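Inspection log for the structure reproduced underneath, given as structure tokens.
What you are looking at is a predicted structure, and each value in this text was computed from that prediction instead of being measured.
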Amino acid sequence: MIQKSWRFERWIIYTVLVAALPLFIRLICFWVLKNPVGSTVNPIDIVFFGLTLNISNINELNGLKNKSRKIESQGLQPNKDRVLGLSLLLIILLAITLGMIYISELLSVKILSINSTYICSILMSVASFVFSWNVMLKIQRYYGNN
């Protein structure tokens, strides 16, 4: 069994940092290259960050052990169906945003405002991070009460 104190730290290391890898790699490339072309931060990298976090939510909740009815009656177990539904909703919204960004980049005529693309992807990824953080805190508390 995973130690209770390591669950949250492992989420930070294995999920959040890995989800941010495309952004970190792009920043390193801009730092290393002499004449990079394009923007330093890409909305696609930001969207993938949010997607990864929500997929992690689904994975964590599906792996959550069913505990006794006593624990469930105390309300300590997170409401899995609601959290799974919200994660799926965020995945759908992020996937739609990702598709629109890809279409905009592949067409010679820009159909999206670059500023609105950045704002939308940043807001949804920040929402995904806050949501995932809360999910992990609830899971940590759930396992901590056993």
Side-chain angles (χ1 to χ4, degrees), residues 1-31 36-107 110-146:
M1 181 175 157
I2 298 173
Q3 291 180 352
K4 293 178 235 176
S5 63
W6 284 96
R7 181 172 294 279
F8 195 75
E9 289 82 4
R10 288 177 66 154
W11 173 76
I12 293 285
I13 294 167
Y14 295 135
T15 303
V16 176
L17 291 179
V18 170
L21 273 178
L23 182 62
F24 292 147
I25 292 169
R26 186 179 300 272
L27 291 172
I28 290 169
C29 288
F30 264 79
W31 181 57
V37 176
S39 61
T40 309
V41 178
N42 192 319
I44 291 173
D45 299 338
I46 299 168
V47 169
F48 272 111
F49 178 77
L51 283 170
T52 304
L53 293 176
N54 283 296
I55 291 169
S56 170
N57 288 346
I58 292 171
N59 187 39
E60 286 288 335
L61 289 170
N62 283 334
L64 194 61
K65 293 186 217 173
N66 289 327
K67 300 296 177 184
S68 68
R69 292 198 182 269
K70 178 182 174 190
I71 292 173
E72 289 176 9
S73 68
Q74 293 173 355
L76 299 175
Q77 183 177 15
N79 187 341
K80 286 171 52 171
D81 292 334
R82 183 180 55 180
V83 174
L84 287 171
L86 287 172
S87 289
L88 285 173
L89 177 65
L90 281 168
I91 287 172
I92 291 168
L93 292 173
L94 286 162
I96 290 169
T97 303
L98 182 64
M100 290 172 30
I101 294 169
Y102 276 139
I103 289 171
S104 178
E105 284 188 356
L106 294 174
L107 291 176
K110 296 294 180 189
I111 59 171
L112 296 175
S113 163
I114 193 71
N115 289 334
S116 64
T117 305
Y118 276 107
I119 291 169
C120 182
S121 58
I122 288 170
L123 288 176
M124 283 196 294
S125 290
V126 167
S128 296
F129 179 75
V130 170
F131 180 64
S132 294
W133 184 281
N134 287 323
V135 167
M136 288 308 299
L137 286 176
K138 285 181 182 181
I139 290 173
Q140 181 97 0
R141 272 186 262 141
Y142 176 68
Y143 279 111
N145 289 321
N146 297 323

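- Closest heavy-atom contact between Ser113 and Ser116: O-OG, 2.9 Å.
- In this structure a side-chain-to-backbone donor-acceptor pair under 3.5 Å is present from Asn134 to Val130.
- Atoms CD and CE, on Glu9 and Met136 in that order, are 9.5 Å from each other to the nearest 0.5 Å.
- The line from CD of Glu60 to CZ of Arg10 is 9.0 Å long, rounded to the nearest 0.5 Å.
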I'd like a table of donor-acceptor pairs (distance under 3.5 Å, sequence neighbours excluded) in which one partner is a side-chain atom from residues 89-103, with atom names and distances.
unit_1 : atom_1 : unit_2 : atom_2 : d
Thr97  : OG1    : Leu93  : O      : 2.9

Handout entry: Derivation of the side chain to side chain contact (heavy atoms under 4.5 Å, CB included) call for Leu53 and Trp11
Key = CA-CA 10 Å; Leu53 293 176; Trp11 173 76; 4.1 Å; yes
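- Every residue two or more places apart in sequence or in another chain was checked for a side chain to side chain donor-acceptor pair (under 3.5 Å) with Ser125, and none qualifies.
- Between Thr52 and Val18, the closest side-chain pair of non-hydrogen atoms is not below 4.5 Å.
- When side chains are defined from C-beta on, Ile139 counts as touching Leu61, because their heavy atoms get closer than 4.5 Å.
- Here the CD1 atom belonging to Ile44 is positioned 12.5 Å from the CG atom belonging to Leu23, to the nearest 0.5 angstrom.
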Exercise for the section: Begin with the C-alpha distance, continue with both residues' side-chain angles, and end with the deciding distance and a verdict on side chain to side chain contact (heavy atoms under 4.5 Å, CB included) for Ile55 and Thr15. Expected result: CA-CA 10 Å; Ile55 291 169; Thr15 303; over 6 Å; no
Exercise for the section: Mind running side chain to side chain contact (heavy atoms under 4.5 Å, CB included) on Phe131 and Val83 for me, showing each step along the way? Expected result: CA-CA 9 Å; Phe131 180 64; Val83 174; 3.7 Å; yes
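- Heavy-atom contacts from other residues, nucleotides or ligands closer than 6.0 Å to OH of Tyr14 number 12 or fewer.
- You'll find the side chain of Asn42 reaches within 4.5 Å of the side chain of Glu105, heavy atoms only.
- We find the CD1-CG distance between Ile58 and Leu86 to be 10.5 Å, quoted to the nearest 0.5 Å.
- Taking 4.5 Å as the limit, every side-chain heavy atom of Asp45 sits out of range of all side-chain heavy atoms of Phe24.
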Exercise for the section: Report the C-alpha separation of Ser121 and Phe49 in whole Å, then their side-chain angles, then the decisive distance to 0.1 Å, and conclude whether the side chain to side chain contact (heavy atoms under 4.5 Å, CB included) test is met. Expected result: CA-CA 10 Å; Ser121 58; Phe49 178 77; over 6 Å; no
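- Within the model, atoms OG of Ser56 and CG of Leu51 stand 12.5 Å from one another, a figure rounded to the nearest 0.5 Å.
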